Amino acid sequence: MKRVYLQKIIQRGEVCYIGKLDPREIVKVATKVEMSEVQDAQRPLNKKRVQDISKYVNEEDGILPNTLTLATKDNSFEIKYDDITKFYYIDFPSEIHEYDAYKNKIDVMDGQHRLYSFREDLCKLGNDTQYELGFTLYDKPTLPQRRKIFISCNEKQEKVSGNLLMWFKMQLDMVSENEKRFYNLVQKLSEEYPLKGHIIMSSESIKNGVKAKEIMAAMKQAKIDMIKIEGQPLNEEKKVKMICTYLCAWEKFASFKFASSKLKEAGAAIKMAGLKFMLLLLPTIWDRAISTRSRFTEDFIVDLLNQLATHLGVERNQFFICEEHKYNFRDRTVTDKFASECDSIIKSLGNDNFNPLG
């Protein structure tokens, strides 16, 4: 056994202790929890999240700065006081044969996904790799206390914007090639009309702005990177030109401006739902230009959109704000469905039945 020294912490009469240990050691004495199993003072364990954290730690030199929140279940890990060092401590297994007596003796009240990612069947860190996590330890808390601690650990936490995290990952070169390709495209669009001044690249405040991460997701869904000329994918410069031309046509068609329109005047057009809808139709309108051997100009696009509006029975400047269309931008599912319907309409334009025999 070895001594693990602790510092005593008191908050409004509540006592806990802080220390540090290798998570590969802690997980050996933690309560065994099955994936997705309902727990009495904790959320179910998500298998994918555990695997993702393990992969991050194993392959990306990942660090986990947040501490674990743990609890003793009985007197197996008795908290003692050392008169010489003036520190508290627990005796912890240090040899393989000692762990059997301490299995399932520590409850994880917060940080379970981080801790269980260090299980032997997932963790690939070498024995020579030093890896420690800080922990806060409560001594035999009751079930109500454990639930209160879990709420305290999670309720007041403000989730960091995924958009800001993406920005940080870009600065640290920690994104995948796929993410990088879309990010660079969105970055360039944020510097060009009509989306200049409308895209939130990190955490800046832009009234009615749309987040870069959400635009990237919409582009991926629309398969913008699959658009081709003569069988060859467009380079980034041509993609920027294509998208800018396309979105300028939408501005002209529906009488709004992405970066300067008021929400009441533009409706869903300047919200992410509207932009996503437009992007979902882009590949079909591009294919239409190729099949009709037409130049991909604002006038060509506006003409198609006018035909779409006529088919739907809506005034062009009311496309995103009329009552019957507001429903179509209410949530992701209905927006996708509306885009699919409009996509089919555009594909059918000009395909009226024709009798070649007259």
Side-chain angles (χ1 to χ4, degrees), residues 1-9 16-37 39 42-82 84-140 153 165 168-169 172-177:
M1 302 291 285
K2 64 180 179 182
R3 283 190 176 185
V4 176
Y5 286 97
L6 310 168
Q7 282 271 24
K8 186 176 182 180
I9 302 291
C16 62
Y17 303 84
I18 59 173
K20 65 174 184 177
L21 262 173
D22 189 321
R24 292 169 290 187
E25 297 179 17
I26 302 176
V27 77
K28 293 178 182 178
V29 300
T31 302
K32 184 177 180 181
V33 179
E34 298 297 332
M35 297 297 175
S36 303
E37 182 181 72
Q39 301 182 62
Q42 178 63 273
R43 74 190 80 186
L45 201 59
N46 184 300
K47 182 177 181 179
K48 185 178 185 305
R49 190 175 174 199
V50 171
Q51 291 173 334
D52 287 345
I53 295 174
S54 183
K55 180 180 179 181
Y56 166 68
V57 172
N58 292 335
E59 300 178 5
E60 301 181 25
D61 298 324
I63 60 171
L64 300 171
N66 294 350
T67 60
L68 307 171
T69 305
L70 310 175
T72 61
K73 298 170 72 172
D74 54 30
N75 290 325
S76 298
F77 287 107
E78 183 182 356
I79 298 173
K80 305 171 185 176
Y81 183 72
D82 187 334
I84 298 176
T85 64
K86 308 300 182 184
F87 278 98
Y88 291 84
Y89 68 92
I90 55 174
D91 292 315
F92 198 89
S94 58
E95 302 294 335
I96 294 177
H97 68 273
E98 295 174 336
Y99 279 98
D100 285 342
Y102 293 88
K103 284 183 178 180
N104 299 310
K105 296 299 184 180
I106 292 288
D107 261 341
V108 187
M109 294 191 291
D110 191 61
Q112 61 171 355
H113 289 91
R114 278 169 275 146
L115 180 60
Y116 291 119
S117 71
F118 287 91
R119 294 184 333 193
E120 286 185 344
D121 60 325
L122 294 173
C123 185
K124 307 302 180 185
L125 291 177
N127 292 332
D128 58 342
T129 301
Q130 184 177 6
Y131 206 107
E132 296 175 322
L133 285 182
F135 64 83
T136 300
L137 181 67
Y138 287 83
D139 189 23
K140 301 187 292 293
C153 288
L165 290 176
F168 276 121
K169 288 171 69 177
L172 297 170
D173 197 25
M174 292 175 62
V175 295
S176 67
E177 286 302 314

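Since the structure is predicted, the reported quantities are computational estimates derived from the model, not experimental observations.
- A ring pair (Phe, Tyr, Trp, His ring centres under 6.0 Å) with Y88 is found for exactly one of Y17, Y5, F77, namely Y17.
- With rounding to the nearest 0.5 angstrom, the CG atom of L70 is 9.5 Å from the CG atom of L133.
- No side-chain heavy atom of V108 sits under 4.5 Å from any side-chain heavy atom of R114.
- A donor-acceptor pair under 3.5 Å links the side-chain atoms of K73 to the main chain of N104, judged by distance alone.
- Under a 3.5 Å cut-off, the side chain of T67 and the backbone N or O of F135 do not form any donor-acceptor pair.
- Scanning for salt bridge (charged side-chain N to carboxylate O under 4.0 Å, His left out) contacts around K80 gives D91, with sequence neighbours left out.
- The CG atom of D110 sits 11.0 Å away from the CG atom of L115 when rounded to the nearest 0.5 Å.
- Residue K140 comes nearest to T72 through the heavy atom pair N-OG1, 2.8 Å, listed as atom of the first residue, atom of the second, then distance.
- Panel note: side chain S117, backbone I53; no donor-acceptor pair is recorded below 3.5 Å.
- Residues G62 and Y56 come closest through the heavy atom pair CA-CZ, 3.2 Å.
- The two residues S94 and M1 make their nearest non-hydrogen contact at OG-N, 3.3 Å.
- Looking only at distances, no side-chain donor or acceptor of T136 sits under 3.5 Å from a matching main-chain atom of I18.
- For the atom pair CD of E78 and CG of D139, the computed distance is 8.5 Å after rounding to the nearest 0.5 Å.
- Between N58 and K124, the shortest heavy-atom contact is OD1-N, 3.0 Å.
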_For R119 and V50: C-alpha separation, side-chain torsions, deciding distance, then whether side-chain contact (heavy atoms from CB on, under 4.5 Å) applies._
CA-CA 10 Å; R119 294 184 333 193; V50 171; 5.7 Å; no

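- Side chains of Y99 and E25 form a contact here, defined as non-hydrogen atoms less than 4.5 Å apart.
- Residue D82 comes nearest to I84 through the heavy atom pair OD1-N, 2.9 Å, listed as atom of the first residue, atom of the second, then distance.
- R24 places a side-chain heavy atom less than 4.5 Å from the side chain of C123.
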*Starting from the C-alpha separation in whole Å, work towards a yes-or-no answer on side-chain contact (heavy atoms from CB on, under 4.5 Å) for L64 and F118.*
CA-CA 12 Å; L64 300 171; F118 287 91; 3.8 Å; yes

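- In this structure the side chain of L6 reaches within 4.5 angstrom of the side chain of L137, judged on heavy atoms.
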_With side-chain contact (heavy atoms from CB on, under 4.5 Å) as the criterion, how do F92 and E98 come out once you've worked through the C-alpha distance, each side chain's angles and the decisive distance to 0.1 Å?_
CA-CA 9 Å; F92 198 89; E98 295 174 336; over 6 Å; no

_Applying side-chain contact (heavy atoms from CB on, under 4.5 Å) to K8 and F87, what does each step give before you reach the verdict?_
CA-CA 8 Å; K8 186 176 182 180; F87 278 98; over 6 Å; no

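- Rounded to the nearest 0.5 Å, atoms CD (E132) and NZ (K20) are 4.0 Å apart.
- In this structure, the separation between CG on L68 and NE2 on H113 is 13.0 Å, given to the nearest 0.5 Å.
- The 12-atom threshold is not exceeded at CG of N127, counting heavy atoms of other residues, nucleotides or ligands nearer than 6.0 Å.
- The ring pair (Phe, Tyr, Trp, His ring centres under 6.0 Å) test applied to Y116 returns no partner, not counting sequence neighbours.
- Taking 4.5 Å as the limit, some side-chain heavy atom of K103 sits within range of a side-chain heavy atom of D100.
- Note: K47 NZ to D52 CG = 12.0 Å, rounded to the nearest 0.5 Å.
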